[in-house]
Amino acid sequence: MLVCHKSADVNCIQVVSLGIAETSEGQRHVGIIYRKDNQVRVCHLAWHCKLIDELASETAHFKFDWVRIAIPDAPLRAVVSFIELITGSNTGSEIPYSFLGQTQPFDRVTGKYNPSVHAGDGLTCATFILEIFKCLGLELLDESSFEERPDDLDWQNKITYWLRQRNVEGHHVAKLEESNLAKRFRPEEVAAASGEENLPLQFTEAASKGVALVEELHNCCPFTEDRARHR
Amino acid sequence: MSSSDLTVSIENQEAFSDGVFQRNSTKDWDLSQFPEAEEIDLNSDNCTAIIKVAARSQHQHESYDLHRIANVSNRLAIRQIDPEIICFTILDHRLSQYPSARFGLSQNTKRGEHLSWLRLFEASEEASPKQDEITDVFKYLNGMISEKRLSDVDHLLFLLGNIRMSLELKAAILRFTYPKKDEFRAWNSAVDNIQDKIKSKGDNPKDLLFGLI
């Protein structure tokens, strides 16, 4: 299911694939790799107010591996055009990072990010992708079937700690710190779903396919301290 | 204004009666009988129909002379898309030249080719659109919805099966309008229509309409 960047050229991606990388110990990151004007680009919510859209060859700190996508090409071409709308309507600094989610984060017509209604709202790299696909009738995960997982609390604490350290607006971080355990859509689950024909994936299936994908990722591209030093 | 206040007349050199054009007669439609759409065959060799839309309460008439599309076999769709607007559209291969017109009944009558941009995307159903074409269609739809012209988008969806455009682009239009599908009366029937067209070509509709059906 996973294609390793070391064994295949990213230029073989014809329309869209979901890329995944381990960016720090136990921390995965997911992005959309897509072809536009005969160039392969990557669009991903890298961090708080940091939407990146760049040539795949320019990704600096890590290389995405990618999942062989099961969605037909025609709907994926609509995804590419929608990404163009989003990247054309946003400067890249509008989308807060948050595991609390946001109802209808994009104006579904303009692709513009709707400023958060509630403090603490925002997206993660995974929910950013889920929302884009959802806007076009492509539901990767059955979000209503997902459950809170106690081990995600450590991850939530890690994220709020990182946000504090990087001087993100206090009220935003405070809201995340106050929050209870939230449903989490993990990057590997979103990426794994893109390789499935029968969508949306239910929670249990998504969770097990996510675990399998992480195993594949660790086999080909385990996280190394070398990569951390380059950050 | 309710639909029962409105009538649509078509006058023709050979006017319409019981499915056949006859000279010098007029056919009236009470749109309250046709809440969704009325589709009429204009199978006349010399079709120079004049459409009149009358708002009884306002004694307002508007005529459209269809002589521009004379000598073709056409179907005409008349549809009240909201309490104040009626659209009529010629459903044939010349749609891109004469896509639609609409009557505004509560203010000065408006006419125009609100969907004239469709002509930019005229292609056979089998054609594969360029990526830029999909993006441009999204931008046009984006503009229409941003300007709150939801009734025009709904009308486009109503026409979608009949316009000359690649099926992939039609599917992209359905996909783009998907989040607002509950606001468009014609969305579900447009999906059914495109699905039937794909099936009739022997293709699997689940490719183009993945996630929508």
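Here is how names work: the chains are called A, B, and so on, in the same order as the sequence lines, proteins then strands, and each is numbered from 1.
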One option among A/Pro200, A/Gly137, A/Ala74 has the most heavy-atom pairs under 4.5 Å with chain B, and it is A/Gly137
Looking only at A/Ile71, A/Leu199, A/Val15, the option with the highest number of non-hydrogen pairs under 4.5 Å against chain B is A/Ile71
Against chain B, residues from residues 29-40 of chain A with at least one heavy atom under 4.5 Å, in numeric order, are A/Lys36, A/Asp37
Heavy-atom closest pair (A/Cys135 atom, B/Pro179 atom, distance to 0.1 Å) is O-CG, 3.0 Å
When rounded to the nearest 0.5 Å, the distance separating CG of B/Asp132 from OG of A/Ser81 is 8.0 Å
Among residues 193-208 of chain B, those lying within the under-4.5 Å heavy-atom range of chain A are B/Lys206, B/Asp207, B/Leu208
Residues, nucleotides or ligands: over 12 heavy atoms within 6.0 Å of A/Asn198 CG: no
Applying a strict 4.5 Å limit to non-hydrogen atoms, the region of B/Gln131 in contact with chain A is both
CD of A/Glu84 to OG1 of B/Thr135, rounded to nearest 0.5 Å, is 3.5 Å
Looking at B/Glu126, I want to see if its CD is surrounded by more than 12 non-hydrogen atoms of other residues, nucleotides or ligands under 6.0 Å. yes
When rounded to the nearest 0.5 Å, the distance separating CG of A/Leu136 from CZ of B/Phe210 is 12.5 Å
One should read off an interatomic distance between B/Asn142 CG and A/Phe82 CZ, to the nearest 0.5 angstrom, of 9.0 Å
Among B/Glu168, B/Lys130, B/Lys181, B/Lys139, the residue with the most heavy-atom pairs under 4.5 Å to chain A is B/Glu168
